[in-house]
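For reference, the structure discussed in these notes is given below.
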There are 2 protein chains.
Amino acid sequence: MTDTTPSRNDELSVPAPHRELLDQVLDKWSLSVLGELCEGPRRFNELRRAIPAVTQKSLTATLRRLERNGIIEREVVSSRPVAVEYRVAPLGKTMRPPVDVLLDWARTYMPQIEKAREAFDAR
Amino acid sequence: MTDTTPSRNDELSVPAPHRELLDQVLDKWSLSVLGELCEGPRRFNELRRAIPAVTQKSLTATLRRLERNGIIEREVVSSRPVAVEYRVAPLGKTMRPPVDVLLDWARTYMPQIEKAREAFDAR
DNA sequence: CTGGATCCTGAATGATACTG
DNA sequence: CAGTATCATTCAGGATCCAG
């Protein structure tokens with residue numbers, strides 16, 4: 001079908017690209033992680049500190065998914081004690097332009113969105 | 001806050017633009033609805049038919065939110081029986097370029113993402 | 001026809017404890 | 001340090017019924 005609903009009317013289900021995209025790459029934490037990794041390689045706990053609101057569980061899940069999709073790379077730097085480094089993969093770097101365009105839009109029009117909300121809520 | 005987490009560490013919470021964006025405009029159904037409305041004005045049940053997987057409840061919620069954010073407009077066209085028409089608002093139209101850029105990226109790189117997944121899952 | 005109001009369940013997330 | 005495991009909780013979303 002045209003979206004993620006795993007209900008009974010999936011059938012052939014050609015995944016709509018935007019659905020895939022939102023589910024896999026633009027989920028709740030991915031952009032925060034990506035933004036951080038764009039600054040340079042980071043280790044697990046560095047990411048946690050950089051994104052205080054994320055829990056260890058969600059961060060792990062986000063990193064795994066991004067890694068699975070080839071957006072980031074994971075490397076075990078050393079054992080004793082274990083150190084793992086995450087970095088943006090080549091495929092991930094291709095996301096920069098579109099993501100930046102999107103964020104530019106957000107920054108540009110956020111004020112208007114706020115206005116619209118106030119107007120709406122005023123009723 | 002810096003994200004949606006309504007936990008206790010919200011505090012000053014300057015809203016990160018991407019978080020706002022994802023929560024309010026790029027949620028599960030918004031792009032489907034926007035895509036449909038870009039074809040022209042639609043009424044409630046037309047949207048339901050166009051996006052079969054969405055429930056009435058979710059569709060209503062999505063339309064309300066988009067309206068509140070000034071992305072779409074709602075107009076009661078007639079009473080007896082009630083007819084409501086939804087259309088893309090001016091603010092919504094400004095989203096086209098960034099969204100298109102994003103979807104182009106998705107279409108272009110989806111094959112590579114698939115590859116990455118297969119490679120990852122093969123382990 | 002266009003929704004609003006309820007009830008209910010599954011998935012996502014949080015908190016906490018534990019391991020290599 | 002970098003996770004895994006488990007349990008509790010929250011919450012979006014589905015199903016239904018109802019109303020203007």
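Here is the naming used below: chain letters follow the sequence lines, and residue numbers restart at 1 for every chain.
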(request) Over all heavy atoms of both residues, which pair between A/Asn69 and A/Arg65 is shortest? Give the atoms and the distance, please. (result) ND2-O, 2.8 Å
(message) Can a donor-acceptor pair be found, under 3.5 Å and without considering hydrogens, that links the side chain of A/Ser58 to the backbone of A/Val54?
(response) no
(message) How bent is the helix from C/dC1-D/dG20 to C/dG20-D/dC1, measuring the angle between the end axes built from five pairs each, rounded to 10°?
(response) 50°
(request) Of all the heavy-atom pairs spanning B/Leu91 and B/Gly70, show the shortest one and how long it is. (result) CB-O, 3.2 Å
(request) Take atom CD1 of B/Ile72 and atom C1' of C/dT2, then tell me their distance rounded to the nearest Å. (result) 14 Å
(message) Using whole Å, what does the distance between atom P of nucleotide D/dC1 and atom CD of A/Glu46 come to?
(response) 10 Å
(request) For A/Arg80 and C/dG20, give me the distance from atom CZ to atom P, rounded to whole Å. (result) 14 Å
(request) For the pair A/Asp121 and A/Arg117, find out whether any cationic side-chain nitrogen is under 4.0 Å from an anionic carboxylate oxygen. (result) no
Nucleotides 5-8 of chain C: which of its N/O atoms have a protein N/O under 3.5 Å away?
none

Enumerate the protein-to-nucleotides 18-20 of chain D contacts in which both atoms are nitrogen or oxygen and the separation is below 3.5 Å.
none

(request) Specify the separation, in whole Å, of atom CZ of A/Phe44 and atom P of C/dG20. (result) 18 Å
(message) To check you understand the geometry: which heavy-atom pair defines the closest contact between A/Arg43 and A/Ala83, and what is its length?
(response) NH1-CB, 4.0 Å
(message) If the cut-off is 4.0 Å, is B/Tyr86 near the phosphate of C/dC1, judged by side-chain N/O to OP1 or OP2?
(response) no
(request) Taking the side chain as every heavy atom from C-beta outward, state whether A/Leu34 and A/Val99 have any atom pair closer than 4.5 Å. (result) no
(message) If I take atom CD in residue A/Glu75 and atom C1' in nucleotide D/dC1, what distance separates them, rounded to the nearest angstrom?
(response) 16 Å
(message) Taking 4.0 Å as the cut-off, does a side-chain nitrogen or oxygen of A/Arg43 come that near to OP1 or OP2 on D/dG3?
(response) no
(request) Drop me the distance from B/Thr55's OG1 to B/Trp29's CH2, to the nearest 0.5 angstrom. (result) 7.5 Å
(message) Restricting to side chain to side chain contact (heavy atoms under 4.5 Å, CB included), what partner residues turn up for A/Arg48, sequence neighbours left out?
(response) A/Phe44, A/Asn45, A/Gln56, A/Leu59
(message) To the nearest 0.5 Å, what is the distance between CD on A/Glu46 and CD on A/Glu36?
(response) 8.5 Å
(request) Would you mind reading off the distance between A/Arg49 atom CZ and D/dG3 atom C1', rounded to a whole angstrom? (result) 15 Å
(request) Tell me which of A/Asp27 and B/Ala83 sits closer to the 5' end of DNA chain C, going by the nucleotide each one is nearest to. (result) B/Ala83
(request) Look up atom CD1 in B/Ile71 and atom CG in B/Leu37, then write down how far apart they are to the nearest 0.5 Å. (result) 11.5 Å
(request) Can you sort out the partners of B/Ala119 under side chain to side chain contact (heavy atoms under 4.5 Å, CB included), two or more places apart, ordered by chain and number? (result) none
(message) Can you identify which nucleotide, out of D/dA2, C/dA15, C/dT2, has its nearest atom closest to the A/Asn45 side chain?
(response) D/dA2
(message) Apply side-chain contact (heavy atoms from CB on, under 4.5 Å) to residues B/Arg87 and B/Glu85 and explain how you reach the verdict.
(response) CA-CA 7 Å; B/Arg87 70 186 75 249; B/Glu85 203 171 81; 2.7 Å; yes
(request) State the OH-CG distance between B/Tyr86 and B/Leu63, to the nearest 0.5 angstrom. (result) 5.0 Å
(message) Just the rounded figure in Å: distance from P of D/dA2 to CZ of A/Arg48.
(response) 10 Å
(message) Using a 3.5 Å distance criterion without hydrogens, assess whether the side chain of B/Ser78 forms a donor-acceptor pair with backbone atoms of B/Pro81.
(response) yes
(message) I need the residues from residues 58-68 of chain A with at least one non-hydrogen atom less than 4.0 Å from DNA chain C; give them sorted by number, or say none.
(response) A/Ser58
